[in-house]
Amino acid sequence: MTLTIQTEEDAQRQLKMTIGVAEERVQQAMRRTAAKVANQMQIPGFRKGKAPYHVVARYVGHNALRAEAVDEIFPAILKEAFTQAEVEPYITPDVDNLQLEPLQITLNVPLRPVVDLGDYRSMRKEELPIEVSEEEIQKALEQIRDRHQIVEPVERPAQPGDVVTMSGRGHLVEDNRSIFDDESYEFVLEAGDIDFGPPFVDNLVGMAAGDQKTFRMEIPADPPDVPWAGKEVEFDITLLDVKSRTRPELGDELAQEEGDYETLAELREAVVRELTENVAEEAREKRFEVAFEEFTSQAQIVYPPAALKAELDEIISNLKEMTKTTGWKWEDYLKLNAGSEEDLREKWHDEALNRLRRRLVMHEFMSREKLTVSQSEVEAAFVERYGHFHADAQNQFRKYMMEGEGLVSLTSDVLLAKIKERTEAILTGRAPDLDNLEAAGTIAEEEE
């Protein structure tokens with residue numbers, strides 16, 4: 001055995017690992033390295049590859065030769081040490097200290113986090129009645145009318161309900177900050193179709209194509225989430241064109257145009273079914289998010305600090321990539337948003353921690369619930385998503401989605417659907433007994 005290993009684990013799932021390497025192994029590596037150097041360098045007095053070891057060592061320097069030899073055998077030493085000590089790093093370890101002679105390597109090894117979900121299976125969430133209001137039904141029917149409307153240019157001033165295209169600018173009076181700047185913006189001349197509210201629409205009513213108008217108005221305070229709500233704005237608007245809208249009446253003829261329906265009553269029933277399904281899905285999604293937030297908050301998790309650092313590294317890397325695609329320089333982005341990368345990491349610390357905790361809880365949930373994904377399930381998901389495309393397009397999608405990153409993404413989607421389904425079963429008291437569950441399948445989501 002050429003390695004002597006000492007380990008000491010702390011309370012944060014970090015393992016201090018000290019590896020001592022037998023000098024004989026280092027000497028063998030140095031001789032191999034010296035032979036390689038002799039073949040690559042022209043050493044005075046010797047043909048390439050013919051200089052003896054002691055000459056090569058003196059020529060390049062003992063310490064340099066030793067360092068290069070250690071660099072060559074380093075990966076094999078780590079692999080052997082982890083196997084010998086039965087250690088599986090969660091993230092790439094950090095080298096805390098490297099002593100060349102005698103060779104001794106000290107590592108900080110992040111270990112797999114430990115997650116205790118507690119009694120998560122006792123959680124229950126009430127299934128609320130699924131109700132669809134008459135207002136929602138009428139809104140959906142009006143949208144169907146809009147889909148079948150006829151829009152035509154008109155040579156007259158704009159009227160409420162027309163489709164208009166405008167260009168222009170708008171800025172806050174208090175600080176000249178721009179809130180609108182567009183060369184061509186189309187919308188229906190109705191208050192609900194634009195954030196600026198009824199006064200803005202009133203100012204455009206009566207304008208004809210080619211007309212220009214400058215006016216000031218106060219943006220309504222409702223809805224309050226509009227950044228400029230309640231503030232005075234000056235607009236300079238030019239109307240580019242005006243179109244009338246002719247919408248079909250709600251009746252059997254519209255139902256037949258919309259789809260495989262004979263009567264308006266049949267269309268209405270289909271609308272109610274779809275709305276009810278959507279509301280039910282939204283309710284399940286909300287229950288899942290609330291439940292998983294509770295699963296995460298009550299879980300006892302011990303993770304190595306390197307795991308949080310890796311999460312932050314990924315966030316910063318994504319921000320850098322986003323900044324690059326928008327044409328910004330990273331230094332300018334930092335000045336605008338944080339000041340320094342260290343400040344930015346501090347800003348994103350809590351978000352990174354939440355992401356890490358949620359991901360760890362989700363993986364532990366999968367393990368406890370024995371959730372896996374089979375090849376046939378991935379294939380079924382592919383067919384469901386892309387089966388309606390023609391054969392050539394399907395083949396193109398298959399090349400990406402059934403291997404590499406595409407396969408990981410598709411598998412993750414299938415697995416997330418299973419997690420949601422099992423969570424719903426737990427919340428409603430219909431989950432299968434854990435003792436009777438058997439893991440099935442061949443593909444599992446990759447650990448990040």
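If you read the sequence from its start, that first residue is 1, and numbering goes on from there.
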(message) Could you check whether Glu311 pairs with Arg359 (Lys NZ or Arg NE/NH1/NH2 to Asp/Glu carboxylate O, under 4.0 Å)?
(response) yes
(request) Inspect the surroundings of CD in Glu134 and state if more than 12 heavy atoms from other residues, nucleotides or ligands are less than 6.0 Å away. (result) yes
(message) How long is the straight-line distance from CZ of Phe215 back to CG of Leu204, given to the nearest 0.5 Å?
(response) 5.5 Å
(request) Determine, for Glu142 against Arg145, whether the closest basic-nitrogen to carboxylate-oxygen distance falls under 4.0 angstrom. (result) yes
(request) Decide side-chain contact (heavy atoms from CB on, under 4.5 Å) for Asp162 and Val188; before the verdict, give the C-alpha distance in whole Å, the side-chain angles of both, and the deciding distance to 0.1 Å. (result) CA-CA 6 Å; Asp162 284 344; Val188 178; over 6 Å; no
(message) Tell me whether Glu266 contacts the main-chain N or O of Glu262 through its side chain, where contact means a donor paired with an acceptor under 3.5 Å.
(response) yes
(message) Do the side chains of Lys231 and Glu218 get close enough for a salt bridge, i.e. N-O under 4.0 angstrom?
(response) no
(message) Tell me whether Gln14 contacts the main-chain N or O of Leu111 through its side chain, where contact means a donor paired with an acceptor under 3.5 Å.
(response) no
(request) Indicate whether the side chain of Glu9 and that of Thr7 have a donor and an acceptor atom separated by less than 3.5 Å. (result) no
(message) Would the distance check show the side chain of Asn176 and the main-chain N or O of Leu172 forming a donor-acceptor pair, the cut-off being under 3.5 Å?
(response) no
(request) Test side-chain contact (heavy atoms from CB on, under 4.5 Å) on Gln396 and Phe389 and set out the steps. (result) CA-CA 10 Å; Gln396 290 298 319; Phe389 288 95; over 6 Å; no
(request) Assess whether atom CG of Asp260 is packed by more than 12 heavy atoms of other residues, nucleotides or ligands within 6.0 Å. (result) no
(request) With Ile144 as reference, evaluate Arg247, Glu257, Glu258 under the side chain to side chain contact (heavy atoms under 4.5 Å, CB included) test and give the passing residue. (result) Glu258
(request) Considering only NZ, NE, NH1 and NH2 on the basic side and carboxylate oxygens on the acidic side, decide whether Arg385 and Glu379 come within less than 4.0 Å. (result) no
(request) Hey, could you give me the CD/CD1 distance between Glu314 and Ile316, rounded to the nearest 0.5 Å? (result) 11.0 Å
(request) Identify the two heavy atoms, one from Pro110 and one from Ala306, that lie closest to each other, and give their separation to 0.1 Å. (result) CG-CB, 3.7 Å
(message) Other residues, nucleotides and ligands only: do more than 12 of their heavy atoms fall within 6.0 Å of CD on Glu421?
(response) no
(request) Assign the ring pair Phe292 / Phe295 to parallel, tilted or perpendicular, where the plane angle (0 to 90°) is split at 30° and 60°. (result) perpendicular
(message) Under a 3.5 Å threshold, yes or no: a donor from one side chain and an acceptor from the other, between Asp241 and Thr165?
(response) yes
(request) Look up atom CD1 in Ile301 and atom CZ in Arg357, then write down how far apart they are to the nearest 0.5 Å. (result) 3.5 Å
(request) State whether the number of non-hydrogen atoms from other residues, nucleotides or ligands found under 6.0 Å of Glu234 atom CD is greater than 12. (result) yes
(request) Could you tell me whether the side chains of Thr296 and Glu293 share a donor-acceptor contact shorter than 3.5 Å? (result) no
(request) In plain terms, say whether Arg358 and Glu289 are close enough for a salt bridge, that is, a side-chain N and a carboxylate O under 4.0 Å apart. (result) yes
(message) Return the CD1 to CD distance between Ile73 and Glu80, rounded to the nearest 0.5 Å.
(response) 10.0 Å
(message) Any salt bridge linking Glu8 with Lys16? Criterion: basic side-chain nitrogen under 4.0 Å from a carboxylate oxygen.
(response) no
(request) Could you tell me whether Lys347 and Glu342 have a side-chain N and a carboxylate O separated by less than 4.0 Å? (result) no
(request) Evaluate side-chain contact (heavy atoms from CB on, under 4.5 Å) for Leu427 paired with Phe288, printing each intermediate quantity in order. (result) CA-CA 9 Å; Leu427 298 179; Phe288 168 75; 5.9 Å; no
(request) Of all the heavy-atom pairs spanning Gln298 and Leu117, show the shortest one and how long it is. (result) NE2-O, 3.5 Å
(message) So that I know where these two stand, are Phe365 and Tyr120 an aromatic pair - ring centroids less than 6.0 Å apart?
(response) yes
(request) Before accepting this row, confirm whether a basic side-chain N of the pair Glu282/Lys286 lies closer than 4.0 Å to the acidic partner's carboxylate O. (result) no
(request) Taking all heavy atoms of Glu72 and all of Thr33, pick out the closest pair and write down the distance. (result) CG-OG1, 4.4 Å
(message) Whether Glu277 and Arg273 form a salt bridge (side-chain N of Lys/Arg under 4.0 Å from carboxylate O of Asp/Glu) is what I want to check.
(response) no
(message) With rounding to the nearest 0.5 angstrom, report the CZ to CE distance, Arg287 to Met123.
(response) 13.0 Å
(message) Pair Asp343, Ser340 - check side chain to side chain donor-acceptor pair (under 3.5 Å), show working.
(response) CA-CA 5 Å; Asp343 293 332; Ser340 70; 3.0 Å; yes
(request) Taking the six-membered ring of Phe235 (Phe, Tyr or Trp), confirm whether the NZ or CZ of Arg169 is under 6.0 Å from its centre and within 45° of its axis. (result) no
(request) Please round to the nearest 0.5 Å and tell me the distance separating atom CG of Leu189 and atom CE of Met207. (result) 10.0 Å
(request) Assess whether atom CD of Glu135 is packed by more than 12 heavy atoms of other residues, nucleotides or ligands within 6.0 Å. (result) no
(message) Could you check whether any side-chain N or O of Glu369 sits under 3.5 Å from a backbone N or O of Met366, counting only pairs where one atom can act as donor and the other as acceptor?
(response) no
(message) Donor-acceptor pair, distance only, cut-off 3.5 Å: does the side chain of Arg124 make one with the backbone of Arg121?
(response) yes
(message) For a quick test of reading the model, state the closest non-hydrogen atom pair linking Ile105 to Phe74 and the distance between them.
(response) CD1-CE1, 3.7 Å
(message) Testing the 3.5 Å rule here: is there a donor-acceptor pair between the side chains of Asp119 and Ser122?
(response) yes
(message) Looking at Glu403 and Arg398, is any side-chain nitrogen of the basic one under 4.0 Å from a carboxylate oxygen of the acidic one?
(response) no
(message) Could you check whether Lys309 pairs with Asp94 (Lys NZ or Arg NE/NH1/NH2 to Asp/Glu carboxylate O, under 4.0 Å)?
(response) no
(request) Answer yes or no: are there more than 12 heavy-atom neighbours, outside Lys125 itself, under 6.0 Å from its atom NZ? (result) yes
(request) Using a strict cut-off of less than 4.0 Å between a Lys/Arg side-chain nitrogen and an Asp/Glu carboxylate oxygen, indicate whether Arg345 and Asp313 qualify as a salt bridge. (result) yes
(message) Tell me the closest heavy-atom pair linking Asp146 and Arg245, and the distance in Å.
(response) OD1-NH1, 3.5 Å
(message) On a heavy-atom basis, which atom in Thr423 and which in Ala291 lie closest, and how many Å separate them?
(response) CG2-CB, 4.1 Å
(message) Between Glu285 and Lys420 (salt bridge meaning N to carboxylate O under 4.0 Å), is one present in this structure?
(response) yes
(request) Decide yes or no on side-chain contact (heavy atoms from CB on, under 4.5 Å) for Phe196 and Val233, but give the supporting numbers first. (result) CA-CA 10 Å; Phe196 304 142; Val233 178; over 6 Å; no
(request) Could you tell me whether Gln149 atom CD has more than 12 heavy atoms of other residues or ligands within 6.0 Å of it? (result) yes
